[in-house]
Amino acid sequence: MFFGNEASPQFLIKSELFQNQGDGTFVNVSEQAGISFSRFVKGVAAGDYNNDGYPDLYISTLESKNLLYQNQKNGTFKEVGKLAGVGEPQMSFPTWFFDINNDGWQDLYVGSFDTNRENMAGHDYAAELLKMPPMEEQPRLYINQKNGTFKDISQTYGVRKSIYAMGSNYGELDMDGFLDFYIGTGTPHLGSTVPNRMFRNVAGKKFEEVTYSGGFGHVQKGHGVSFADLNNDGDQEIYAVMGGAFEGDTFTNVLFDNEPNANKWISFKLEGSSKNVDAVGAKVIVTTSKGQIHRVVNTGGSFGSNPLRLEIGLGDCDPEINVLVMWPDKARSKTELSGIAVNKAYKIKQADSSIEPLNVKNYTFKKDGGHHHH
């Protein structure tokens, strides 16, 4: 377990890495692992950005350069943030690794939260709509260059926006096989009234904002976000925790029920055969008639939580797919399966490389009485 502590000049608290001893206890190994530091940490993301089979750590901090700790595969880490080119923004909050273009390499999103302009969030959003030059620090989207470095593509991909990000996560809006994301915005200031914002991935080539067209522009403060197929109908719903920091700034949480479309889907619950029974960190490659889709078993962004069951959109493909599971162990075990029928949920076991139907019941949400239009 890694703890990114909120240190400041007044409270110099070092972040901590605890190693699981396998007997119900943990040992603090921060110093010997080379990952002990004091920063005001706001987000942590784990991901294997260099595809060596070992998870690395990205640290989002306030008022300082962000950090990237490369796993050295021997129990230690090396800080390579400057070399990798992922130090910005210095006013940042939630962050995550995800593969935006299905090339098998983890890309990186870093949300911004400019504390120097907390009371100006509404002004800055209005300025964006009026196409005025930004005064606040804005988020970054980095695409993996496959050589240990990243390239900032936030401007060309349409996500360099006025976003005071807190709650966040990613998932699939339309089950086309490309990952989208939702940002819960706002600041503690009671005068901050800006919409939470949804961005749809367009074939891995850009993001288009669907905040208003999709009905996602809730003006309450947004916190934890989850993408999940809550009613087992093949698409993902979005659940968001709403309300600000003060007692007078509360609101009910919201659930956005997705409307089904013709795109195909598949769902996998992975069962590891060793200590990692939930197969956290496993990589899944789905090969369809239209190309490959890459996913990693994790809970998504750093200010929200998705289920560990993978729910994958397949787009408009043929009715059978092939699946490769790369299990997270030192042996780099693999499971290869072919001719798997789509629009179903399955369990895949590492122990015998078997696949079996996952017994889930689907249903529709109640539509009448006592709820908002969401």
Side-chain angles (χ1 to χ4, degrees), residues 6 8 39-43 45 60-66 86-96 100 108-142 152-170 180-201 206-225 238 240-246 248-251 254 301-304:
E6 292 187 348
S8 68
R39 298 283 184 92
F40 203 88
V41 177
K42 299 305 294 183
S60 166
T61 67
L62 269 179
E63 300 183 2
S64 62
K65 294 281 188 180
N66 299 321
V86 292
E88 306 296 334
Q90 293 192 51
M91 294 290 185
S92 61
F93 208 128
T95 184
W96 61 80
I100 63 172
L108 178 66
Y109 180 86
V110 194
S112 58
F113 192 97
D114 196 331
T115 55
N116 294 324
R117 296 180 60 79
E118 277 192 41
N119 299 348
M120 301 294 288
H123 172 279
D124 292 338
Y125 179 62
E128 176 196 311
L129 296 179
L130 294 171
K131 302 188 184 306
M132 296 171 63
M135 298 181 69
E136 77 287 1
E137 192 161 21
Q138 298 189 335
R140 301 291 191 274
L141 176 64
Y142 295 105
D152 179 5
I153 57 167
S154 46
Q155 193 73 47
T156 57
Y157 268 59
V159 297
R160 184 73 74 85
K161 303 285 188 179
S162 175
I163 297 179
Y164 289 75
M166 280 194 181
S168 60
N169 224 319
Y170 61 85
D180 317 294
F181 65 91
Y182 189 48
I183 301 289
T185 62
T187 78
H189 189 258
L190 290 173
S192 171
T193 306
V194 294
N196 299 292
R197 304 176 72 170
M198 181 72 81
F199 294 88
R200 175 182 174 269
N201 190 331
K206 66 176 182 177
F207 285 88
E208 63 180 8
E209 185 165 4
V210 293
T211 296
Y212 297 111
S213 61
F216 297 106
H218 208 297
V219 296
Q220 302 295 328
K221 313 292 174 60
H223 285 88
V225 174
I238 298 95
V241 176
M242 296 293 177
F246 299 109
D249 200 12
T250 59
F251 197 79
V254 294
S302 63
F303 216 101

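Side chains are part of it too, since the values below use all heavy atoms of this structure and drop only hydrogens, waters and symmetry mates. Numbers here simply count residues along the sequence, with the first being 1.
- Closest approach of N201 and I100 over heavy atoms only: ND2-O, 2.9 Å.
- Judged as a ring-ring contact (aromatic ring centres under 6.0 Å, His included), and not counting sequence neighbours, Y125 has no contacts.
- Taken from OG in S162 to CE in M135, the straight-line distance is 11.5 Å, to the nearest 0.5 Å.
- In plain terms, the two heavy atoms of S8 and F40 that are nearest each other are CB-CD1, 4.4 Å.
- Applying the side-chain hydrogen bond (donor to acceptor under 3.5 Å, both in side chains) rule to D249 yields the partners K221; only residues at least two apart in sequence or on another chain are considered.
- E137 pairs by the side-chain hydrogen bond (donor to acceptor under 3.5 Å, both in side chains) definition with nothing, not counting sequence neighbours.
- The OG1 atom of T211 sits 9.0 Å away from the NZ atom of K161 when rounded to the nearest 0.5 Å.
- By the ring-ring contact (aromatic ring centres under 6.0 Å, His included) test, F303 pairs with F93, sequence neighbours left out.
- Looking only at side-chain heavy atoms (C-beta outward), M166 and P94 stay at 4.5 Å or farther from each other.
- Distance check, rounded to the nearest 0.5 Å: NE2 of H223 to CZ of F251 gives 14.5 Å.
- With sequence neighbours excluded, no residue satisfies side-chain hydrogen bond (donor to acceptor under 3.5 Å, both in side chains) with T187.
- Residues satisfying the side-chain hydrogen bond (donor to acceptor under 3.5 Å, both in side chains) criterion with Q155, sequence neighbours excluded, are absent altogether.
- Remark: H218 NE2 to N196 CG distance equals 7.5 Å, nearest 0.5 Å.
- For the side-chain contact (heavy atoms from CB on, under 4.5 Å) test, residues two or more places apart in sequence or in another chain that qualify with N119 are H189.
- No side-chain donor-acceptor contact under 3.5 Å links S112 and E136.
- Taking the six-membered ring where the residue is Trp, Y157 and F207 present tilted rings, their angle falling between 30° and 60°.
- A salt bridge does not link R200 to E209: none of the charged side-chain nitrogens sits closer than 4.0 Å to a carboxylate oxygen.
- Y109 has its side chain within reach of L141: a pair of non-hydrogen atoms, C-beta onward, lies under 4.5 Å apart.
- Taking 4.5 Å as the limit, some side-chain heavy atom of L62 sits within range of a side-chain heavy atom of M91.
- Shown here are the side-chain contact (heavy atoms from CB on, under 4.5 Å) partners of S92, two or more places apart in sequence or in another chain: S60, N66, P89, V110.
- Scored by the side-chain contact (heavy atoms from CB on, under 4.5 Å) test, A240 finds Y182, V225, M242, V254 as partners (sequence neighbours excluded).
- Looking at Y164 and S192, their side chains never come closer than 4.5 Å, going by heavy atoms from C-beta outward.
- For the pairing with F181, the ring pair (Phe, Tyr, Trp, His ring centres under 6.0 Å) check across F199, Y170, F216 returns one residue only, F199.
- Remark: E118 engages no residue in a salt bridge (Lys or Arg N to Asp or Glu O under 4.0 Å) (not counting sequence neighbours).
- The salt bridge (Lys or Arg N to Asp or Glu O under 4.0 Å) search around D124 returns R117, not counting sequence neighbours.
- By the 4.0 Å N-to-carboxylate-O rule, R39 lies too far from E63 to be salt-bridged with it.
- Residues passing the side-chain contact (heavy atoms from CB on, under 4.5 Å) test with M132, sequence neighbours excluded: A127, L130.
- Residues R197 and I163 share a closest heavy-atom pair of NH1-CG1, 3.9 Å.
- Side-chain contact between R160 and D152 is present, with heavy atoms from C-beta onward closer than 4.5 Å.
- Separation of atoms CD (Q90) and CZ (R140) is listed at 9.5 Å; rounding is to 0.5 Å.
- The minimum heavy-atom distance between P139 and V159, with the atom names listed, is CG-O, 3.5 Å.
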